[in-house]
Number of protein chains: 2
Amino acid sequence: MPKDTFFHLSQVKRQLIENVAIEEFADNSLQSASVNAIVNNAGIAKGSFYQYFENLEDLYKHILKLVKDRKLELISTLPLPANNLDTFRYLQRLLQIEIAFELKYPRLSRVERRYNFENPVNSSIDPETGQRLSGDGRFHAFLSQGVLHDDIATWVDTDLAAYVLGVVSQWFSPYLLERMGQDSGKPVEFNLDVSHDPHVQDLLQNLMDILMAGIARDPQIRKDFYSK
Amino acid sequence: MPKDTFFHLSQVKRQLIENVAIEEFADNSLQSASVNAIVNNAGIAKGSFYQYFENLEDLYKHILKLVKDRKLELISTLPLPANNLDTFRYLQRLLQIEIAFELKYPRLSRVERRYNFENPVNSSIDPETGQRLSGDGRFHAFLSQGVLHDDIATWVDTDLAAYVLGVVSQWFSPYLLERMGQDSGKPVEFNLDVSHDPHVQDLLQNLMDILMAGIARDPQIRKDFYSK
DNA sequence: CCTCTATATGACCGAATGGTCATATTATAT
DNA sequence: ATATAATATGACCATTCGGTCATATAGAGG
């Protein structure tokens, strides 16, 4: 954790350092990031850096906490849907959160993706239930609820599906950001209203359809009537 | 390109150096990889390294070429399916190639994924047709063929679908590798027959079904009869 | 004004980096 | 055996790295 001194700093100075660090960690892993680069870009003395942080990893962990905090903060601002979300509205919301985060904090998103790349949690065995748990559990929860509500086909391998959904949710938002820029010919405003922009909703809906209905025109009509 | 001297080396020595480099680039980006680490692990003198390569990037490009070559070589060994592949058998083959490559060269696969991460090609505009082209074009080709053969639903956004398929194909194989190891409790043999192993085929088929049919139990029956 | 504490600074350190080069060793040809 | 070319080597270099520390500056309380 950063030292007290860092938190005593004025907000502008603290945010300056944070933003410089975000830039560094967006383009570099912890291994290739450089303390010297950060102090130079932030315009502070090397000695100051070590008055604020134990070392580079200390700062890195702080930035990762920023990711977490800002995402939670952002979630709380997104319009809370009806109390009883139907299964796929819940999935849509999970994707929408990632999109909103990407649009508002593209560089922080990149830091997060880089972290996930360097520290992959493909899957692990839940010590209690003995069940496999891919990713952070959000999609397992979604799928469990879905199966319970009879919304998810029974033949779906839920762990595999959770993994695929995790991968897609992680990589869909940068695609969307770039595509929106190309489609409209102008850069995307960072504070775009994700929940209502028609272009975002169109693409998100198409992704939802692909996930829900698949891409085949005539898919063996619902896997032989949900057999197996 | 590596210097002639490198290609004059005995096969064992050349492969030793290549393998050490693959290890290095599997765990490090070009920025964080170290010449010193490589020469130490390979047991060669620093001076020798620079008799073989211009610099680290020179070696890196050589390894990337190895990725390409070995993948092509592997494709040629995979049983060539019937001349007229139906749409989804073609997709299945594309996925199978990635799986086989992952199983045979897991570290090289990692090098490739790392490269793709550092040099993302989300999408670009084809200068000729003006069409968007996500990824390397393989999945665009697949989808075009699919639409032509009336196998892909008309409402699918093909560029989005191509991107999603690219992401999934890139990340499915490491998941499969890890899961197979966990499911069976023992490490996966590197020369496992991908095309026939039942466990691989089960999981691959489930992924295919998810992509083709979606995960919803009752998806608005084929998107309102393929409307739009 | 003086005192004490918190913050800021950059010269400095040893270690590690990528890269060079004169020299030594080996292989090849005559 | 001798000469020539190809390869191997590690000491060496300038630069950069993460990290330290004595000193300087600023602020707060009196």
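Letters A, B, ... are given to chains in the order of the sequence lines, protein chains preceding strands, and every chain is numbered from 1. On a predicted model such as this, the values are computed, not experimentally measured, just so you know.
By the 30° and 60° cut-offs, the orientation of the rings of A:Trp171 relative to B:Trp171 is parallel.
Residue contacts shown for B:Phe6 are absent, as no nucleic acid heavy atom lies under 4.0 Å away. Among the protein residues, A:Lys3 comes within range of no part of the nucleic acid, since none of its heavy atoms lies under 4.0 Å from any strand. Using a 4.0 Å heavy-atom criterion, one finds that B:Ala33 contacts the sugar-phosphate atoms exclusively.
For D:dT7, the OP1/OP2 oxygens have a side-chain nitrogen or oxygen of B:His8 closer than 4.0 Å. Phosphate contact (OP1/OP2 of D:dT16, side-chain N/O of A:Asn36, threshold under 4.0 Å): absent. Within the structure, every side-chain polar atom (N or O) of B:Tyr50 is placed at least 4.0 Å from both OP1 and OP2 of C:dT20.
In this structure, a donor-acceptor pair under 3.5 Å is present between the side chains of B:Asp159 and A:Tyr175. Judged purely by distance below 3.5 Å, without hydrogens or angles, the side chains of B:Asn41 and B:Glu23 never pair a donor atom with an acceptor atom.
Minimum atom distance to the side chain of B:Ala45 is reached by D:dG10, of the listed C:dA8, D:dG10, D:dG19. With C:dA8, D:dT9, D:dG19 as the candidates, the nucleotide lying closest to the side chain of A:Ser48 is C:dA8. In the set C:dT20, D:dT20, D:dA8, D:dA8 carries the atom at the smallest distance from any side-chain atom of B:Tyr52. Comparing C:dA8, C:dG19, D:dT20 by their nearest atom to the side chain of B:Lys46 picks out C:dG19. With distances taken from any side-chain atom of B:Gln51 to the nucleotides D:dT9, C:dT7, D:dT20, the minimum falls on D:dT9. Each of C:dT20, D:dG18, C:dA8 was ranked by its minimum atom distance to the side chain of A:Ser34; first place goes to D:dG18.
Going from atom CG of A:Leu9 over to atom P of C:dA8 covers 5 Å, rounded to whole Å. What separates CG of A:Asn40 from P of D:dT16 is a distance of 11 Å, to the nearest Å. Straight-line distance from the CZ atom of B:Arg14 to the C1' atom of D:dT7: 16 Å, rounded to whole Å. Distance B:Glu57 CD to C:dG19 C1': 15 Å, rounded to the nearest Å. Atom CZ of B:Phe49 and atom P of D:dT7 are 17 Å apart (whole Å).
Checked for salt-bridge contact, A:Glu57 and A:Lys61 meet the test: a charged N lies under 4.0 Å from a carboxylate O.
The nearest heavy atom of DNA chain D to B:Thr5 and to B:Gly47 marks one nucleotide each, and the one closer to the 5' end goes with B:Thr5.
For the pair A:Gln92 and A:Phe88, the minimum side-chain heavy-atom distance is 4.5 Å or more.
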